[in-house]
Every structure is written in C-alpha cells, then in structure tokens.
Number of protein chains: 2
Amino acid sequence: MNPNEFLKHIAYDSVVFGFSGEKLKILVMKYKNTDYYALPGGFVGLEEDLNSAVRRGLKERTGLDNIFLEQFYTFGNVDRSKPEFMRAIMEANGGINESSWMLDRFISIAYYALINYDDVELTPDAISESCDWYDLDNLPELIFDHNEILEKALATLRSNLETKLMGVNLLSTMFTMKDLQKVYEAILGEKLHRGAFQRKILGMNLLKRHEKQFSGAAHKAPFLYSFEK
Amino acid sequence: MNPNEFLKHIAYDSVVFGFSGEKLKILVMKYKNTDYYALPGGFVGLEEDLNSAVRRGLKERTGLDNIFLEQFYTFGNVDRSKPEFMRAIMEANGGINESSWMLDRFISIAYYALINYDDVELTPDAISESCDWYDLDNLPELIFDHNEILEKALATLRSNLETKLMGVNLLSTMFTMKDLQKVYEAILGEKLHRGAFQRKILGMNLLKRHEKQFSGAAHKAPFLYSFEK
DNA sequence: TATTTATTGTCTCAAACTGTGACAATATTA
DNA sequence: TAATATTGTCACAGTTTGAGACAATAAATA
C-alpha cells in the first residue's frame, strides 16, 4: 500500500449482513498469521468519494456491485486506535515497511450493507487469510472497537427496518412472504404473527405479486413476490 | 492556526437549532470581509476525540456546555471541497500563510445541536465577522455543501423528534404544554391537534408537572412542566 | 359585582390500526 | 380417498389516534 495513495487518518468499516435460511450473518475478516478478526474496512483514495471507496472495498471482497449500503456513524475517539494491534498485524504480514501511517490514529466512517448471501464470491484482501460469513450469534471476538460498531449497525438496522422494506435486499429477487418474515424475525430477534405481518407488508404496496410456483412441499403453494419501486 | 495542530482532511460542521417564540432558527457564521455564510465548523485536534472537538467549538461560539448534540452524517464527496472559496476567505483575512492545508480536500462529520435560544452568548471566531441566529425560512445562501447539510439535519431531527422528547432541549427548564407544542409544530412544519398532543406527550411519562403560575393573561393558567429522566 | 373572553385540562366518540385466532383452500403424501 | 402441513384471508377484540365538546378559570370589561 502506497502511503501517498490514501487520505491519512481516515478509514471506513463495513458491517455486511447476509441471511441464510434462518440466521443473520455478517462478513468477518481474519488477518494473516494472527488470531485477529475484524470487520472489512479500508481507506479512501486521495481523489475518491467516500461512498465510492466503500463500494470499491465491497466489490473487491464480495464481487457485487450496486449493494444496498447505508452510512450510520463515524467513530472518532482517540482511544479507538490501537497501534500495538496494527503493528502486530503488519509484522505478521512480513514486517513494517514504509506504511507506518497505518499506525496513526484513525477516524472511521461506518456503513452497513445488506446483500444476498447466495450471490457473493468471497475474496480476502492482501493481508487477510479469510473473509467469511459468521452467524451473528456465534462471532469471534473482533479487534479495535469493531464489536461496538457492529452493535450500533444492528441497532440502526432494526430501527430503520420498516423504511423502504429494506429487508428485501437480503433475499433473491423472487421470494415468498414466509422468506421475508424470517428475515424480519432474524433481524428483530422475535417471532412475528403471520397474519399481521402479511397484512402490514402488503399494505405498503411495495411488492409485486407473481404466479405461484409449486414448491414440491405437501401443502398449498405460496405466492412469489418481488420488490418494486 | 497551526497546521500541525489538527488532523488534516477532517472537519466537522454543526447545525445549531434554537427556538424563539414561534420560529425555528439556526446559527450561521459570516466570514470577515466576504459575503460568504457558513455553518459553524472546525477541526479536530491531533489528540482530541471527535465529539470533544465539536463540543469545544460549540462552547467557544455559544458559551454553553452540555449541549444536546447528535452526529448524523459524514459528507465525503471529493467535489464538496471548494479551494477557490477557501482561498478567497483566507485572503480576505490577511492572505494565505502556511495554512495551505485548509485548501485541501475535507471530509466533514456533521452534527446537529438543540439549544435554548435565550442561554447563548454568541461569539464569532477569529476569521468570522458574525455568528448569529437566522430564521430557518429566511436563510442566506450557504457556501460549500452547507445547504445540503442543513437539509439532512432537519430531516434527521424530524424523524428523531419523538425519541426522548428531544424537543425540550429548545426550551428553558420550565415550560408549558403550549410551548412544547409550538416547538413540535415549528420543527415538523404543521399544526398539531392540542388534545391529542397533550395526551401523547403526557403518556410518555417523561415530564414532571409543577404548580401553575399565573401568566397574567385573561384565561385559565397552564401548568408548568420540566423534563425528567 | 357580574359578565365576557380566551385558553386550558380533560373527556367522549368515531375512525384507524393491531394482535390474535379461525377457516377454507390446496399441494403433496399415505 | 383421506390425512397433513401450510397458505391466503378474514373476523373480532383491544388499542391507539384524530377531532370536537365542555366545564374550569384568570383577567378584562361593564
């Protein structure tokens, strides 16, 4: 990494949510030759828009464009930077070169993303051993203030969930009402009443109903929906 | 300003709301010897927490500690920085010295504050001619992307207004239900129904009711309230 | 002093919304 | 053909919300 390529003292971190059947998951990276786990993050090019930098990082790691992405908070305390950890990570990657700027203090702009679990092709970056899904209820300890960032992402997601039916971004283009309900239940962490849920969602007039499709299961087939507008 | 004192490329801007009788107002600064108006902003010390930097700036300009303050968005597009304007401002202040770092690109973390209009003692900073209240519906044109920042602040304030009865921060410690309703109406930009408003607010159980106080007006005297919890 | 006026605190009624269970419809299996 | 699991929808009760009504009351007025 060329120290003259990026804005100093500025980083971003992203909380990337996915949904697989029943559980909410997030993307976590593991740094090479360490036991340090972290949220996917990165730096902002000298002539690059902040949002573009985040999208670039997500594209590199997931292969996806046009991700549902929202900025939710900027973490700027002095004590959030831990040069000891950063040094250890860099040494585990072949020693500290010119990039000692990475040991400086960083302000981090945090984003959350909602993506379709099945669409991603995960690629760790140069200093990471892995970039993988972890169940939200079975996460490794994260370094820096990344646990706090995750908590705030989740709180923001919960409180914004109603707006624009954003939960649909965790599903593929066609889904059943039950699929969507599972997403809501996983995010909110509670069971919802089927009838009321359906009534509320349909009342938003944001979904398009398609032909039923026989699921092969021994019961009435559900409608399929897609998100419109 | 010493260029080695602050984090480069990082600034904050604050949208400071006040309420006077009927109207919502915000604080706007005017740069010396120019016609440029801007939101109060500033920089972050090398060893200073981001939130502390913003509180420091507000303290300097309003004299107030313990302000109700919330971060709401970080603006990071490349084209938000306008070196021409910055250069003009600096030249109007006695020329460009070593501080050419101020001509660089900046990412700005934006906050809004709610304060009691009557408590402030306004003090312009070194390069400003004035720091004053302006009616929200009668603002001068602001430089950079400050109009956009203001719009987003207002939108965030509107959508968060219910939480924690934050409107009380625009009033003095004791206020009537009518005072509070005026605040809500000014922020939301619509008339509210008196009975329903009172019922809703009292239902939150966040206000303490005090003795009535004869207002001198020719009608039943209202209760006074203060915000508890 | 009695009356008028403006505003307050509270209530009631209707309309809208929400939580809950119920029921018929239906795709597959037995 | 019957049994089973799940779906789409509805009915009902309980709750919340919008709107007007009414008595209480502080001061001005007659």
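Values below: every heavy atom of this structure, side chains too, minus hydrogens, waters and symmetry copies. Predicted model only: the values in this text are computed from it and were never measured. Naming: A, B, ... by sequence-line order, numbering from 1 per chain.
A donor-acceptor pair shorter than 3.5 Å cannot be found between the side chains of A/Tyr225 and A/Asp179. Side-chain atoms of A/Ser226 and A/Glu228 form a donor-acceptor pair, as typed in the model, at a separation below 3.5 Å. Donor-acceptor pairing under 3.5 Å is recorded for the side chains of A/Ser128 and A/Asp125.
Atom P of nucleotide D/dG8 and atom CD1 of A/Ile201 are separated by 13 Å, given to the nearest angstrom. When the P atom of D/dG18 is taken as reference, atom CG of B/Leu192 falls 9 Å away, rounded to whole Å. The CZ-C1' distance, from A/Phe175 to D/dT7, rounds to 17 Å in whole Å. Across the protein-nucleic acid pair, B/Phe223 atom CZ and D/dA24 atom P stand 15 Å apart, rounded to whole Å. The distance from atom NZ of A/Lys212 to atom C1' of C/dA27 is 10 Å, rounded to the nearest whole Å. Going from atom CE of A/Met177 over to atom P of D/dG8 covers 7 Å, rounded to whole Å. Rounded to whole Å, the distance from NZ on B/Lys191 to P on D/dG18 is 17 Å. Atom CG in A/Leu180 sits about 13 Å away from atom P in D/dT7, given to the nearest Å.
Among the nucleotides C/dT28, D/dA28, C/dG19, the one closest to any side-chain atom of A/Ala196 is C/dG19. Of all nucleotides listed (D/dG8, D/dA11, C/dT10), C/dT10 comes nearest to the side chain of B/Arg194.
Residue order along DNA chain D, read from the 5' end via each residue's closest nucleotide, puts B/Lys200 first among B/Lys200 and B/Lys220. Judged by closest nucleotide on DNA chain C, B/Leu202 is the one of B/Leu202 and A/Gly195 placed further toward the 5' end.
Side-chain N/O atoms of B/Arg209 and base N/O atoms of C/dG9 include no donor-acceptor pair closer than 3.5 Å. On a pure distance criterion of 3.5 Å, a polar donor-acceptor pair joins the side chain of B/Arg199 and the base of D/dG18.
Under 4.0 Å is where a charged nitrogen must lie from a carboxylate oxygen, and between A/Lys191 and A/Glu185 at least one such pair does. Note on A/Arg80 versus A/Glu148: no salt bridge recorded, every NZ/NE/NH1/NH2 to OD/OE distance being 4.0 Å or above.
Checking the phosphate oxygens (OP1, OP2) of D/dT7, a side-chain nitrogen or oxygen of A/Lys178 falls inside 4.0 Å.
In this structure, A/His193 forms an aromatic stack with the base of C/dT20, since both conditions hold: centre separation below 5.5 Å and plane angle below 30°.
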